[in-house]
Number of protein chains: 2
Amino acid sequence: MERQRKKSRNTKQRAVILDILKKGGYHPTAEAIYQEARKVIPNISLGTVYRNLNFLREQGLAREIRSDSDSSSRFEGKCPPHAHFHCTKCNAILDLPFPQCLEEIPWKGETHISSVNSLDLHVIGACSHCGPAAS
Amino acid sequence: MERQRKKSRNTKQRAVILDILKKGGYHPTAEAIYQEARKVIPNISLGTVYRNLNFLREQGLAREIRSDSDSSSRFEGKCPPHAHFHCTKCNAILDLPFPQCLEEIPWKGETHISSVNSLDLHVIGACSHCGPAAS
DNA sequence: GTAATTGCAAAAGATTTGCCCCATT
DNA sequence: AATGGGGCAAATCTTTTGCAATTAC
């Protein structure tokens, strides 16, 4: 409710990055966003991409996703809650519906928890494209 | 089922690191493990800590935990499935029971998933020590 | 004795930051 | 004009790696 608390400007760079993030089902790394943005603003810098991603994250307009298998963060635009599937073979990340059963789980039973902001569910496995089993 | 597939030696370093990981409810970073290990083996090197953590992870004796909010990985010893609570204020990580409802969720409905290896559930919020709300 | 493992230090990869200039407001 | 934001490059942080020496087996 206090989004946009600090003065900000509508720069072309920020708009382009936000645009890229809005493409659904897409989970680009900062580097990928940089490459994509360069198609529109050829001399945009990687530092600007990172600064904007951080800014947008703080404003609640972007989300950072870290998987156990990937060394760099991935990002996605603001969107309704969902889980993420990670393919351990091709490293793809797919959106999954968020299981309703989690919506109501009473963490209240946990005396060490004061409040819950969000849930983060990652499903690790192999995607249908990479096929099953065999390490 | 093919754990311990390669020859390995029982070095003091490895034993100490494994010992540290065995302390339950503790989710140290590599650096923290390094500091802790130094109390026992003062000249152990950080590289060795990382090498052993990777080795133990491959053997299934350690697990790496990456949260969307923390820049460095945390580690824990082998233990039954559970979720993790992250306090956004003090950065603490606590173990939570794993919701049973997730055990049976049919991801089969998802045509893009071939097989599921594991689930990773992170609950983000404030711990009782840090108290509720107010950013 | 042999090869896995270590310590050390350099390297690599990802992200952040300082500085000065430019552009939005 | 004021100042937030950008470009560039250097700096920082985390993790990995090459190598010679060491040690478990």
Side-chain angles (χ1 to χ4, degrees), chain A residues 3-21 27-59 61-76 91 93, chain B residues 3-21 27-59 61-76 91 93:
Chain A
R3 295 282 125 82
Q4 196 78 11
R5 41 153 61 95
K6 63 165 112 167
K7 295 176 221 169
S8 67
R9 293 181 182 176
N10 280 349
T11 64
K12 192 177 176 187
Q13 288 83 344
R14 184 165 296 167
V16 166
I17 292 171
L18 199 44
D19 250 25
I20 293 172
L21 287 176
H27 307 89
T29 59
E31 176 67 29
I33 293 171
Y34 171 55
Q35 294 304 339
E36 193 65 20
R38 291 232 283 176
K39 295 178 184 171
V40 186
I41 308 175
N43 72 326
I44 193 175
S45 80
L46 187 53
T48 294
V49 171
Y50 274 108
R51 266 189 287 238
N52 274 295
L53 287 172
N54 284 336
F55 175 85
L56 294 171
R57 175 155 47 69
E58 281 158 24
Q59 303 298 305
L61 297 173
R63 213 163 91 68
E64 184 172 358
I65 312 165
R66 302 179 93 118
S67 82
D68 287 358
S69 46
D70 203 340
S71 61
S72 38
S73 288
R74 289 165 179 278
F75 297 85
E76 67 182 2
N91 263 316
I93 298 187
Chain B
R3 293 281 126 81
Q4 195 77 15
R5 42 153 61 97
K6 64 166 114 168
K7 294 176 220 170
S8 69
R9 293 179 182 178
N10 281 349
T11 62
K12 193 177 176 189
Q13 288 83 343
R14 184 164 297 166
V16 166
I17 291 170
L18 199 43
D19 250 25
I20 292 171
L21 287 177
H27 307 89
T29 59
E31 177 68 29
I33 293 171
Y34 171 56
Q35 295 304 339
E36 193 65 22
R38 291 232 283 175
K39 295 178 184 169
V40 186
I41 309 175
N43 72 326
I44 193 174
S45 81
L46 187 53
T48 293
V49 171
Y50 273 107
R51 268 190 285 238
N52 274 296
L53 287 172
N54 284 336
F55 175 85
L56 294 171
R57 174 156 47 69
E58 282 159 23
Q59 304 296 304
L61 297 173
R63 211 163 92 69
E64 185 173 359
I65 311 165
R66 298 177 95 129
S67 83
D68 290 353
S69 46
D70 200 342
S71 62
S72 38
S73 288
R74 290 166 179 277
F75 297 85
E76 66 184 2
N91 261 315
I93 297 189

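What you see below is based on every heavy atom in this structure, not just the backbone, and it leaves out hydrogens, waters and symmetry mates. As the structure is a computational prediction, the values presented were derived from the model and not from experiment.
- Here B:N54 does not reach the OP1 or OP2 of D:dT15: none of its side-chain N or O atoms lies under 4.0 Å away.
- With salt bridges taken as basic N to acidic carboxylate O contacts below 4.0 Å, none links B:R66 and B:D70.
- Judged by the 6.0 Å distance and 45° axis criteria, B:R14 is positioned over the aromatic ring of B:F55.
- Side-chain nitrogen and oxygen atoms of B:Q13 include at least one within less than 4.0 Å of the OP1 or OP2 phosphate oxygen of C:dG7.
- A:S73 and A:E64 share a donor-acceptor pair across their side chains, judged by distance under 3.5 Å alone.
- Exactly one of B:V40, B:T48, B:V49 qualifies for a side chain to side chain contact (heavy atoms under 4.5 Å, CB included) with B:Q13. That residue is B:T48.
- Of the candidate nucleotides D:dT14, C:dT16, D:dT23, D:dT14 has the atom nearest to the side chain of B:S71.
- Rounded to whole angstrom, the span from the CD1 atom of A:I41 across to the P atom of D:dG6 amounts to 9 Å.
- Contact annotation: A:T11 reaches the phosphate of D:dG6 (side-chain N/O to OP1 or OP2, under 4.0 Å).
- OP1 and OP2 of C:dA4 both lie 4.0 Å or more from every side-chain N or O belonging to B:S8.
- Remark: C1' of D:dT23 and CG of B:N10 are 13 Å apart, rounded to the nearest angstrom.
- Computed from coordinates, the B:Y34 OH to C:dC8 P distance equals 8 Å when rounded to whole Å.
- The side chain of A:N43 contributes no N or O atom lying less than 4.0 Å from OP1 or OP2 of D:dC8.
- Between the side chains of A:R51 and A:N54, not a single donor N or O lies within less than 3.5 Å of an accepting N or O.
- Comparing A:R51 and A:L46 against DNA chain C, the residue whose closest nucleotide sits nearer the 5' end is A:L46.
- Regarding B:N52, its CG atom lies at a distance of 15 Å from the P atom of D:dT17, rounded to whole Å.
- Nucleic acid contact for B:S73: sugar-phosphate only, since backbone atoms but no base atoms lie under 4.0 Å from a heavy atom of the residue.
- Sequence order on DNA chain D of the closest nucleotides to A:I44 and B:S72 puts A:I44 first from the 5' end.
- Among C:dT16, D:dT15, D:dG7, the nucleotide with an atom closest to any side-chain atom of A:Y50 is C:dT16.
- When the nucleotides C:dA14, D:dG7, C:dA4 are ranked by their closest atom to the side chain of B:R9, C:dA4 comes out on top.
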